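Letters go in sequence order (proteins before strands), and every chain restarts at 1. From a predicted model like this one, the values you see are computed outputs, not experimental measurements.
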There are 2 protein chains.
Amino acid sequence: MTQQPHEILFRTLADPTRRGIFERLCREGEQTVVALTARAGVSQPAVSKHLGVLKQAGLVRDRQEGRRTHYSARIDALAPLTDWTKRMTGFWQSRFDDLEDLLKRMDQ
Amino acid sequence: MTQQPHEILFRTLADPTRRGIFERLCREGEQTVVALTARAGVSQPAVSKHLGVLKQAGLVRDRQEGRRTHYSARIDALAPLTDWTKRMTGFWQSRFDDLEDLLKRMDQ
DNA sequence: TAAATCGATAACCAAGGAGTTATGAATGTG
DNA sequence: CACATTCATAACTCCTTGGTTATCGATTTA
């Protein structure tokens with residue numbers, strides 16, 4: 001029961017505001033905090049806090065440039081999410097296959 | 001800004017206990033509430049509540065049989081999640097392609 | 001240098017939600 | 001019929017967390 005990699009991703013992306021910020025970084029690339037705040041619908045400290053959480057989850061990186069900080073998405077951080085989904089689908093599929101086999105054997 | 005389909009999925013799957021229940025249903029197929037409670041680490045009412053939330057999100061279906069309820073995973077409900085991830089990756093990729101194009105043109 | 005801008009942090013508040021126990025309705029079993 | 005089992009709901013508590021305002025250090029700019 002150690003910390004699985006998808007755990008933090010689900011938790012981090014669950015909040016709409018935070019996910020919105022991440023989506024914008026994916027769509028439009030690198031942005032400063034002011035730029036993000038302008039369209040986040042919440043205060044600048046709130047945005048900063050969200051960026052901190054996103055960074056903690058490895059979903060964004062930041063680059064300092066003078067007095068402003070540029071944030072950008074780290075798209076490969078999403079991998080554990082797609083892995084998890086594939087795994088779930090895989091489980092389901094294999095049980096389905098087992099059932100198919102069983103039915104096939106019963107048919108003979 | 002209407003309710004996007006992935007919204008409820010992220011919110012629902014964010015909780016570890018709830019996700020654990022869903023995972024078990026994916027792995028092992030249909031289960032009763034008692035069976036799920038046995039290994040969920042929380043009380044039966046808690047499990048029932050989680051199942052209600054999962055059902056609301058379309059992630060599980062239930063089948064009544066006498067006095068017990070059998071729950072099972074609805075695997076295709078995960079589609080909006082994979083769609084979202086693909087979309088994010090897509091945005092990132094296209095910006096990357098644009099950059100590549102730009103560099104290529106500058107090179108000529 | 002004085003004023004303005006950027007962004008992080010602290011301190012606080014309110015709401016949401018995950019957990020609990022208690023209970024009851026419905027079904028099965030002796 | 002009496003008892004046990006299953007599971008959903010209600011009522012409650014408590015902690016987490018997303019939001020706010022206030023502030024401050026670090027930069028630019030006038």
- prompt: Considering residues at least two apart in sequence or located in another chain, which fulfil the side chain to side chain donor-acceptor pair (under 3.5 Å) criterion with B:Glu28?
  reply: B:Gln31, B:Arg39
message: Output one letter per nucleotide in nucleotides 21-30 of chain D: B when a protein non-hydrogen atom lies under 4.0 Å from the base, S when only the sugar-phosphate is that close, - when neither is.
response: BB----BS--
- prompt: Counting distance only, does the side-chain N/O of B:Thr82 pair as donor-acceptor with the main-chain N or O of B:Ala79 below 3.5 Å?
  reply: yes
task: Output yes when a side-chain donor or acceptor of A:Arg19 lies under 3.5 Å from a complementary backbone atom of A:Leu13, and no otherwise.
output: yes
message: With a sphere of 6.0 Å drawn around CZ of B:Arg11, does it hold more than 12 non-hydrogen atoms of other residues, nucleotides or ligands?
response: yes
task: Give a yes or no on this: more than 12 heavy atoms of other residues, nucleotides or ligands lie within 6.0 Å of atom CZ of A:Arg61.
output: no
- prompt: Hey, does the side-chain of B:Lys49 have a donor or acceptor N/O within less than 3.5 Å of a partner on the base of C:dG17?
  reply: no
message: Just so I know, are the side chains of A:Thr32 and A:Thr37 near enough to count as touching, which here means a heavy-atom distance under 4.5 Å?
response: no
query: Do A:Ile21 and A:Val60 come close enough that some side-chain heavy atom pair is under 4.5 Å?
result: no
message: Using 30° and 60° as the class boundaries, would you call the ring planes of A:Phe10 and A:Trp84 parallel, tilted or perpendicular?
response: perpendicular
Is the phosphate of [N] approached by [X] (side-chain N or O, under 4.0 Å from OP1 or OP2)?
X: B:Thr69; N: D:dT6; answer: no
X: A:His50; N: D:dG19; answer: yes
X: A:Tyr71; N: C:dA8; answer: yes

Can you check the [X] [atom1] to [N] [atom2] distance for me, whole Å?
X: A:Lys55; N: C:dA8; atom1: NZ; atom2: C1'; value: 11 Å
X: B:Phe10; N: D:dT17; atom1: CZ; atom2: P; value: 18 Å
X: B:Leu54; N: C:dA18; atom1: CG; atom2: P; value: 11 Å
X: B:Leu51; N: D:dA8; atom1: CG; atom2: P; value: 7 Å

message: The side chain of A:Ser48 is closest to which nucleotide in this list: D:dG19, C:dT9, D:dC7?
response: C:dT9
task: Check DNA chain D against residues 11-36 of chain A and give the residues with a non-hydrogen atom under 4.0 Å, in numerical order.
output: A:Asp15, A:Thr17, A:Arg18
- prompt: Salt bridge or not for A:Glu23 and B:Arg87, using N-O below 4.0 Å?
  reply: no
